[in-house]
Structures are given as C-alpha cells and as structure tokens.
Engineer: 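Structure incoming, see below.
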Amino acid sequence: MKLKKQLGQHFLHDHDVLTRIVHAIAPAPGQRLLEIGPGDGAMSLPILDRAGQLTAVEIDRDLHEPLLARATRHGQLDLIRASVLEVDFTALAAQLGGSLRVVGNLPYYLSSPILFHCVEHLDAIADMHFMLQQEVVERIVATPGGKDYGRLSVMLQLVLHAEYLLHVPPSAFRPPPKVDSAVVRLTPRPPAERPTVDPVLLARVVRDAFGQRRKTLSNALGKLLDAEAIRAAGVDPRLRAEALPPAAFVALAAELAARA
C-alpha cells in the first residue's frame, strides 16, 4: 500500500501496542464508536471484534474499499468519506442515538485543529482516546510550573480531564515517524464545571499571557488588563502565566468582560 506523506500517514502495526490501546478503550456492543483516520484498519478490526459496529472517518479514498473488505469478517463498519474537520459530531451523535466514543491515531500536523473541533462538539462526546505526538500529550496533561504547561494545557484542561496512558515508540509504526508518540484519554467535564465566560475573551487572555512566557502578567497582559485589574481577579500581577492554574485564567477573562 502506497502511503501519502501529505496526509501524515503512519500506520500502527505493533500488536502489543494495539492490544494495550484497545484494552484502554474497552469497546463494547451498543456503544457509538467513532474512529478518526482508520488507515489500514489496524485498530478498527480489533475494535469491531469487541463492539460489533464502528463508524469511521477516512479522507483517503484509496483506503476505502480495502478497509471495507477487511472489515466484513469482523463487524459492521460504516465509513464516512470526508475530512474529520467537516464532520458535525453533534449531528452524527443524534443520528446514532447517543454520545460518541471517539478514537484515532491522529495525523500530527492536524492534531490541534482536530482536538478543538472535538471541543466544539463536547456535549456529543462521552470520551476520546487519541494517539498523538508525545510532546503534544505532555503539553495536554502538564501542570502549572512546568516547561510543558501552556496554552494547550489551559484551554483543554478547562473543559476536559486528561490522562496520559502509554508511550509508543517510532518502531511501532510503518513508516516510523521521526518523533515518539503517546496515547491520551480525554473525558469531557460536566457542563457545570466548564467556564461560562466568553470563550473569545478567554482565548485572548490565555494567548497573551503565554505569548511571552518570561514576562510577568502585568507586562504580558498590559493591552488587556492593568495590574489593578489583575489583582481584582484575585491574581498576583507579578506572576508569570506558567504559574497559574487554569481557573485563574477564567477569573482574568471574567474581569476583562466586566471592565469591557
């Protein structure tokens, strides 16, 4: 099978790694499972063996027929021929009759857009299990004070619980990528735990705060909030962004909204 570099295709073939991933997902009959980028079906088939049914989104039309042919002996595979960024997860969940369990070995060049596309449809998602570049997973699960903690950590942790599951070496893929990979479990927080502040203002505050990491908040946020406003939000303006828990950014965005 000819791989397409422009689609970031690296197919997982390590049986032990696949077994561990499917065990972590724990697919079962009756669940509405959605796989992003099934590729040659390495993860699709064992999921089908356990759940009996799977919906998958695959943009590479050359993979469709071989994948459907392989799936016939394992279960019912419903294939959506599209880019995942064009798929309305909320509508799909309604069509399938319940929340989606989303899985996938995501193309690394599209990982952030796909993650935030999922966030836009969070009420339609039960959980997510994704293979990503290890560096990205470390940023997602990072805690305040560390070098990996940043915009991605804050924006995702405010709406998701994130759990690092396992490391995956380049040798587990064909062809091997130039970076290590990891699997993360993402579970939506209940609506009552998610921020109610304007998401646009929140994104601006987080962006500016981390825009120049070495600056204190009073300097980094100077165009949005002065030191007095930062203190009014219950935050020390002498701190740097990396020292703040995610909830502090919500407080800062709320103060910005109040003053606007």
Engineer: Once you measure the plane-to-plane angle for Phe89 and His121, does it fall in the parallel (<30°), tilted (30-60°) or perpendicular (>60°) bin?
Structural biologist: tilted

Engineer: Rounded to the nearest 0.5 Å, what separates atom CG in Leu221 from atom OG1 in Thr216?
Structural biologist: 9.0 Å

Engineer: Take atom CZ in Arg81; do more than 12 heavy atoms of anything else shown fall under 6.0 Å from it?
Structural biologist: yes

Engineer: Quick one: does any side-chain atom of Gln53 pair with a main-chain N or O of Gly30 as donor and acceptor, under 3.5 Å?
Structural biologist: no

Engineer: Taking atom CG of Leu201 and atom CG of Leu224, what is their separation to the nearest 0.5 Å?
Structural biologist: 8.5 Å

Engineer: Step through the shown structure and confirm whether more than 12 heavy atoms of other residues, nucleotides or ligands are within 6.0 Å of NE2 on His161.
Structural biologist: yes

Engineer: Taking atom CD of Glu228 as the centre, report whether more than 12 heavy atoms of other residues, nucleotides or ligands fall under 6.0 Å from it.
Structural biologist: no

Engineer: Tell me, yes or no, whether the heavy-atom count around Gln212 atom CD, taken from other residues, nucleotides or ligands under 6.0 Å, exceeds 12.
Structural biologist: no

Engineer: Using 0.5 Å steps for rounding, measure from the CD atom of Glu135 to the OG atom of Ser181.
Structural biologist: 11.5 Å

Engineer: Which distance, rounded to the nearest 0.5 Å, do you find between the CE of Met155 and the CG of Leu115?
Structural biologist: 12.5 Å

Engineer: Should we count NE2 of His15 as having more than 12 external heavy atoms under 6.0 Å?
Structural biologist: no

Engineer: Tell me whether Arg70 contacts the main-chain N or O of Asp40 through its side chain, where contact means a donor paired with an acceptor under 3.5 Å.
Structural biologist: yes

Engineer: Going by the side chain to side chain contact (heavy atoms under 4.5 Å, CB included) test, name the single residue among Val184, Leu165, Leu186 that passes it with His129.
Structural biologist: Leu165

Engineer: Has His64 got a side-chain atom pairing as donor or acceptor with Leu79's backbone, closer than 3.5 angstrom?
Structural biologist: no

Engineer: Report the distance from atom CZ of Arg101 to atom CD of Gln31, rounding to the nearest 0.5 Å.
Structural biologist: 4.5 Å

Engineer: Any chance CZ of Arg194 has more than 12 other-residue heavy atoms, nucleotides or ligands included, within less than 6.0 Å?
Structural biologist: yes

